[in-house]
Colleague: 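Let me begin by handing over the structure; questions about it come next.
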Amino acid sequence: MTERRRRRITQAIAFCLLGSAGLSVLLTLAIILYFMTAQGSRAVSWEFLTEFPRKGMTEGGIYPAIVGSFCLATGAIVISFPLAVSSAIWLSEYARGSLWVRVIRVGVNTLAGVPSIVFGLLGLAFFVGVLKLGVSVLAGALTLALLILPIIIRASEEALRAVPTSFREGALALGATQWQTVRTIVLPAALPGILTGAILGVSRAVGETAPIMFTAAAFYMARLPRSPFDKVMALPYHVFVMATENPNYWRTKDLQFGTTLVLLALVLSLNLGVVVWRTGLRRRKRW
Amino acid sequence: MVTGTVESGSLQTAIEWMERDTDAEPVIEVEGLNFYYGRDRTLSDVSVSIPQHGVTAIMGPSGCGKSTFLRTLNRMYEVIPGARAEGTVLFAGEDIFKLDPVTLRRRIGMVFQRPNPFPKSIYDNVAYGPRVHGIRRRSVLDGLVEESLIRAALWDEVKNELKKSAFSLSGGQQQRLCIARALAVRPQVLLMDEPCSSLDPKASSQIEATTRELAAELTVVIVTHNLHQAARVSDHVGVFLSGGVLAEFGPTKKVFEAPRHPDVQDYLAGRFG
Ligand SMILES: Nc1ncnc2c1ncn2[C@@H]1O[C@H](COP(=O)(O)OP(=O)(O)OP(=O)(O)O)[C@@H](O)[C@H]1O
Ligand SMILES: [Mg+2]
């Protein structure tokens with residue numbers, strides 16, 4: 001009797017602890033969202049999204065920062081995606097089980113754990129310095145590409161390995177070459193997972209400040225970038241600048257929250273898009 | 001007799017006659033085949049001649065190497081790291097280990113234990129093989145798809161829904177789709193590894209009937225655990241025993257009525273395996 005009672009109490013306590021842990025995650029997200037929306041929505045308007053900053057960035061919009069972030073993220077994904085998917089194909093389809101795969105996987109995991117400021121400094125030294133790209137969209141996109149490379153590799157490799165072996169065997173048994181099998185059977189089946197990884201990579205790239213701080217970001221630009229060798233403004237760096245560089249930082253409080261809100265909305269809608277799209281795909285594919 | 005058969009004069013008839021005349025010839029000759037997964041020997045010193053056309057059933061207790069034997073014949077074992085075959089296997093007189101595996105697998109098709117259609121439409125499943133081998137013309141593909149589905153006895157059930165996903169079919173239909181898919185590249189030999197083991201009795205007997213019909217024009221090698229199925233469907237039977245020894249091979253009637261090997265007698269009497 002007492003034994004059963006004790007177990008019931010333990011059960012109740014465990015349930016409370018785990019439940020409140022779960023709730024606290026939701027609560028944190030809710031607080032962030034509430035705070036950002038409450039503070040930021042005051043600044044966000046059509047003009048805010050489509051105009052240049054004015055009066056030493058104490059007024060006006062964030063249009064160039066939005067465009068800049070878009071350029072950087074697009075550049076990063078265009079560079080990173082083919083590289084990451086090829087590596088994942090090699091790891092999962094061609095080198096499966098070999099020592100190299102294990103070594104490279106350790107490398108990829110390590111890369112994923114490197115702090116982003118390290119990527120920033122690497123980009124400064126290598127892309128800006130050695131390759132003489134200067135502080136530019138290209139140097140920033142390359143740096144961000146390195147940062148998101150492990151994310152996309154891992155997601156793609158997992159997606160490829162989740163494709164049933166029986167599909168591969170079916171194709172090979174018909175006389176398909178290995179590359180034909182990968183291209184026509186394995187890749188299409190793994191595509192949803194691969195694209196999810198890509199979008200997670202993009203949302204990571206959009207939000208990072210440290211990697212672009214020394215490699216791409218401009219304090220202020222009176223025009224949009226005209227070539228990959230131009231500097232750009234970017235959303236996270238813009239917030240950073242308004243909050244730290246400006247002696248009147250408190251006067252731009254609303255603008256800072258507005259910019260953060262735009263950034264957050266961007267990242268959240270990318271992630272939400274993936275979730276919705278994936279559930280749609282999952283409902284269609286059955287194996 | 002020769003003039004009698006070629007009488008109609010067409011080249012096609014002549015070729016058909018020549019092919020029929022080689023019935024007695026073995027299509028696959030295995031000589032001293034040993035197979036290893038790493039250090040473990042799975043097949044030991046297997047020698048057998050599989051006659052052309054008709055159905056050859058491969059039987060034996062679980063784990064004795066039947067699937068391994070089948071996968072050696074079209075070199076599908078090569079995708080497994082550490083798997084290794086030694087000995088000679090001749091297919092139509094050619095050493096399979098010197099052939100390009102792509103060519104070999106095109107001529108020796110395979111149907112697996114569990115139906116494994118691709119996540120594509122019924123049409124695209126059947127057209128997959130021909131497409132991979134470079135056939136692009138729609139009319140040719142249409143013809144091959146129809147022909148293959150007819151031969152696999154599936155055409156009447158799916159002719160109006162070729163665009164539907166292959167996963168919308170039942171298990172038995174999926175397996176016949178996989179047979180059609182294999183037939184679409186016009187193989188000379190069809191390997192089937194327990195094709196009915198995941199199907200209900202009705203679907204199984206449909207597959208058996210299909211297999212019998214196919215055997216008129218190609219060589220079928222089928223692995224089965226079902227003694228009755230082997231008796232019904234096959235012309236020749238080979239029985240493997242544990243250790244990967246081919247203990248018995250011969251015409252089905254002869255093997256079932258008077259097996260020479262005592263362990264095979266026990267196996268066929270249902271005493272083990
Ligand atoms: N990929 C593999 N790696 C290592 N050993 C394997 C592998 N596949 C099979 N084996 C071993 O080889 C032996 C023969 O296996 P095989 O699948 O050919 O048997 P089987 O006769 O088809 O059995 P079943 O009737 O259960 O299908 C078994 O002992 C099995 O453990
Ligand atoms: Mg087997």
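Scope of the values below: all heavy atoms of this structure, side chains included, with no hydrogens, waters or symmetry mates. The model shown is predicted, which means the values in this text are computed figures rather than measured ones. Naming: A, B, ... by sequence-line order, numbering from 1 per chain.
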Colleague: Checking Pro117(B) against chain A: side chain, backbone, both or neither under 4.5 Å from a heavy atom?
Modeller: backbone
Colleague: I need the minimum non-hydrogen distance between Ile185(A) and Lys120(B), along with the two atoms involved.
Modeller: CD1-CE, 3.6 Å
Colleague: If you draw a 6.0 Å radius around CZ in Phe70(A), do more than 12 non-hydrogen atoms from other residues or ligands fall strictly inside?
Modeller: no
Colleague: Test your reading of the model: is there a side-chain donor-acceptor pair from Asn116(B) to the backbone of Ser166(A), 3.5 Å cut-off?
Modeller: yes
Colleague: Just wondering, more than 12 heavy atoms not from Arg131(B) lying within 6.0 Å of its CZ?
Modeller: yes
Colleague: Between the side chains of Arg114(B) and Glu169(A), is the shortest nitrogen-to-carboxylate-oxygen separation below 4.0 Å, so that they form an ion pair?
Modeller: no
Colleague: For residues Gly170(A) and Phe118(B), report the shortest heavy-atom separation together with the two atoms involved.
Modeller: C-CZ, 3.7 Å
Colleague: Would you say NZ of Lys163(B) has more than 12 non-hydrogen atoms from neighbouring residues, nucleotides or ligands within 6.0 angstrom?
Modeller: yes
Colleague: Grab the two heavy atoms, one from Thr181(A) and one from Tyr128(B), that are nearest each other, plus how far apart they are.
Modeller: CA-OH, 4.1 Å
Colleague: Between atom CZ of Arg75(B) and atom CG of Leu172(A), what is the distance when rounded to the nearest 0.5 Å?
Modeller: 12.5 Å
Colleague: Would you mind checking which part of Thr165(A) comes under 4.5 Å of any heavy atom in chain B, side chain (CB onward), backbone (N, CA, C, O), both or neither?
Modeller: neither
Colleague: Would you say Glu213(B) has more than 12 foreign heavy atoms packed within less than 6.0 Å of its CD?
Modeller: no
Colleague: Which atom names give the shortest non-hydrogen contact between Met110(B) and Ala173(A), and what distance separates them?
Modeller: CB-CB, 4.0 Å
Colleague: Return yes if some donor-acceptor pair links the side-chain N/O of His133(B) with the main-chain N/O of Leu174(A) below 3.5 Å, else return no.
Modeller: yes
